[in-house]
Amino acid sequence: MQFGFERLFVWQKSRQLVSMIYKLIIKLPQEERFGLSDQLRRASVSIASNLAEGAGRMSIKEKIHFCEVSYGSLMEVTCQLLLAQDLGYLTEEDNIQIRPLLEEQERLIRGYHNFLREKLKELP
């Protein structure tokens, strides 16, 4: 048996993003273990977690809310990766390699959000 969120392609892709983030975090210095590393971990996990939590809600408005929180976490991850590059912890190549997945996740979350908003419009 699968829960509904496990069938969502947007959630499946968010798992890939978490894996990539965790692989990149290894490159960050030990002194960032409780700073940028922790923040990247929490924000990337938040993307997947909020998609799952939203899928479990009964109200379309709640589903939309959690989708929006997930999108915000994606923007947070993107910002943090750029800051890690600015600080010399990650290379430009690191960010170039993960960027397509970030952009795909952004499109998927937006698409899911638009789908949910259309469903909301159909309600009486």
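Side-chain atoms are counted along with the backbone in the values below, which use heavy atoms only and exclude waters and symmetry mates.
A side-chain contact (heavy atoms from CB on, under 4.5 Å) with Asn95 holds for exactly one of Leu24, Thr78, Leu81; it is Leu81.
Residues satisfying the side chain to side chain contact (heavy atoms under 4.5 Å, CB included) criterion with Arg15, sequence neighbours excluded, are Trp11. For Gln12, there are no side chain to side chain donor-acceptor pair (under 3.5 Å) partners at least two apart in sequence or on another chain. With sequence neighbours excluded, no residue forms a salt bridge (Lys or Arg N to Asp or Glu O under 4.0 Å) with Glu6. Qualifying salt bridge (Lys or Arg N to Asp or Glu O under 4.0 Å) partners for Arg42, counting only residues two or more places apart in sequence or in other chains: Asp38. Every residue was checked against the side chain to side chain contact (heavy atoms under 4.5 Å, CB included) condition with Asn114, not counting sequence neighbours, and none meets it. Listed by chain and number, the residues in a side chain to side chain donor-acceptor pair (under 3.5 Å) with Lys27 are Asp94 (sequence neighbours excluded).
Under the 4.5 Å side-chain heavy-atom criterion for Ile, Leu, Val, Met, Phe, Trp and Tyr, Leu108 and Leu51 are members of the same hydrophobic cluster. Residues Met75 and Ile21 share a single hydrophobic cluster, defined by chaining ILVMFWY side chains whose heavy atoms lie under 4.5 Å apart.
Screening residues 46-60 for salt bridge (Lys or Arg N to Asp or Glu O under 4.0 Å) gives Glu53-Arg57, Arg57-Glu62 as the qualifying pairs, with residues at least two apart or on separate chains. Sorted by first and then second residue, the salt bridge (Lys or Arg N to Asp or Glu O under 4.0 Å) pairs with a member in residues 75-86 form an empty list; sequence neighbours excluded.
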Distance-only check: which donor-acceptor pairs under 3.5 Å involve side-chain atoms of residues 100-107, not counting sequence neighbours?
unit_1 : atom_1 : unit_2 : atom_2 : d
Glu103 : OE2    : Arg99  : NE     : 3.3
Glu104 : OE1    : Lys13  : NZ     : 3.2
Gln105 : OE1    : Ser14  : N      : 3.2
Gln105 : NE2    : Val10  : O      : 3.2
Glu106 : OE2    : Tyr71  : OH     : 3.0
Glu106 : OE2    : Arg110 : NE     : 2.4

Show me the donor-acceptor pairs within less than 3.5 Å that the side chains of residues 117-124 make with the rest of the protein, sequence neighbours left out.
unit_1 : atom_1 : unit_2 : atom_2 : d
Glu118 : OE2    : Lys121 : NZ     : 3.2

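In the hydrophobic clustering, where aliphatic and aromatic side chains (Ile, Leu, Val, Met, Phe, Trp, Tyr) are joined below 4.5 Å either directly or transitively, Tyr22 groups with Val18, Val45. When hydrophobic residues (I, L, V, M, F, W, Y) are linked wherever their side-chain heavy atoms come within less than 4.5 Å, Ile96 remains an isolated member.
Counting all heavy atoms, side chain and backbone alike, Phe66 lies closest to Gly54 at CB-CA, 3.4 Å.
Side-chain contact between Leu28 and Leu90 is present, with heavy atoms from C-beta onward closer than 4.5 Å.
Within a 6.0 Å radius of CD in Glu92, no more than 12 heavy atoms belonging to other residues, nucleotides or ligands are found.
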